[in-house]
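Taking it in order: structure first as structure tokens, then the write-up.
All values derive from a computational prediction rather than experimental measurement.
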Amino acid sequence: MRIFEAQLDHKEQWDSFLQDNDMGSFLQSWMWGDFMRDYRKARIWRFVVADGERWLGVMFLYMGRLKLGLNYISSPRGPVVGSEAKDQKLKVL
């Protein structure tokens, strides 16, 4: 099992994963991440948990700005865990 940051060439696979796993919210979509980056000027990250080539889960994060130079990190309605991984116990190192 590995965790990696999604790149632009993962866009279609990202949105397909969300659709296949009952995303429930557009707030984890690739498009929403682009909106947060481009219009809100937020720093964003997209992480994938995979077992080989099979994706088990994804999580979009963004860093927002508060007054007085403070920041926060949010993952709205995330992470999204695939149906195959929901019943598995994951070993934390």
Side-chain angles (χ1 to χ4, degrees):
M1 198 170 317
R2 65 190 175 104
I3 299 173
F4 63 92
E5 191 166 355
Q7 304 300 317
L8 185 57
D9 59 335
H10 295 118
K11 179 179 179 177
E12 289 182 27
Q13 189 173 359
W14 181 280
D15 286 334
S16 291
F17 180 86
L18 293 177
Q19 188 175 24
D20 293 346
N21 290 287
D22 299 323
M23 163 177 84
S25 174
F26 68 94
L27 297 175
Q28 285 289 313
S29 70
W30 196 277
M31 180 181 66
W32 185 252
D34 288 348
F35 170 79
M36 293 301 289
R37 182 193 64 222
D38 296 341
Y39 296 103
R40 299 284 307 268
K41 304 300 183 209
R43 176 123 191 248
I44 68 165
W45 301 270
R46 294 178 179 103
F47 293 106
V48 177
V49 176
D51 185 14
E53 294 298 315
R54 190 181 71 208
W55 286 19
L56 302 175
V58 298
M59 182 170 57
F60 159 69
L61 295 153
Y62 73 92
M63 183 185 315
R65 293 182 178 90
L66 299 171
K67 293 181 180 183
L68 302 174
L70 300 174
N71 298 310
Y72 64 95
I73 294 179
S74 179
S75 179
R77 309 292 272 173
V80 176
V81 178
S83 56
E84 293 180 24
K86 284 184 180 177
D87 297 329
Q88 295 180 7
K89 292 183 179 181
L90 300 177
K91 182 186 267 188
V92 179
L93 300 176

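Of all heavy-atom pairs between W30 and D15, the closest is N-OD1, 3.1 Å. A pairwise comparison of heavy atoms in Q28 and R77 identifies CG-O, 3.7 Å as the closest pair. Of all the heavy atoms in Y62 and P76, the pair that sits closest is CE2-CD, 3.9 Å.
We find the OG-CZ distance between S29 and R46 to be 8.5 Å, quoted to the nearest 0.5 Å. Annotation: the span from M63 atom CE to I44 atom CD1 amounts to 12.0 Å, rounded to 0.5 Å.
Qualifying side-chain contact (heavy atoms from CB on, under 4.5 Å) partners for L66, counting only residues two or more places apart in sequence or in other chains: L70, Y72. Every residue two or more places apart in sequence or in another chain that forms a side-chain contact (heavy atoms from CB on, under 4.5 Å) with Q7 is listed here: E5, D9, H10. With sequence neighbours excluded, the residues forming a side-chain hydrogen bond (donor to acceptor under 3.5 Å, both in side chains) with R37 are D34, listed by chain and number. For S74, there are no side-chain hydrogen bond (donor to acceptor under 3.5 Å, both in side chains) partners two or more places apart in sequence or in a different chain. Taking the side-chain contact (heavy atoms from CB on, under 4.5 Å) definition, one finds that M59 meets it with L61, S75, P79, sequence neighbours left out.
The side-chain heavy atoms of M1 and L56, taken from C-beta on, include a pair separated by under 4.5 Å. With contacts defined as side-chain heavy-atom distances shorter than 4.5 Å, the pair V81/N21 does not qualify.
Side chain of S16 to backbone of Q13: no donor-acceptor contact under 3.5 angstrom is found.
Under the 4.5 Å side-chain contact rule for hydrophobic residues, W45 and M31 do not share a cluster.
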Q: Kindly determine whether K41 and R65 satisfy side-chain contact (heavy atoms from CB on, under 4.5 Å), including the steps that lead there.
A: CA-CA 9 Å; K41 304 300 183 209; R65 293 182 178 90; 4.1 Å; yes
Q: May I have the step-by-step check of side-chain contact (heavy atoms from CB on, under 4.5 Å) for I3 and V48, ending in yes or no?
A: CA-CA 6 Å; I3 299 173; V48 177; over 6 Å; no
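With ring centers used as reference points, W14 lies 6.0 Å or more from F17.
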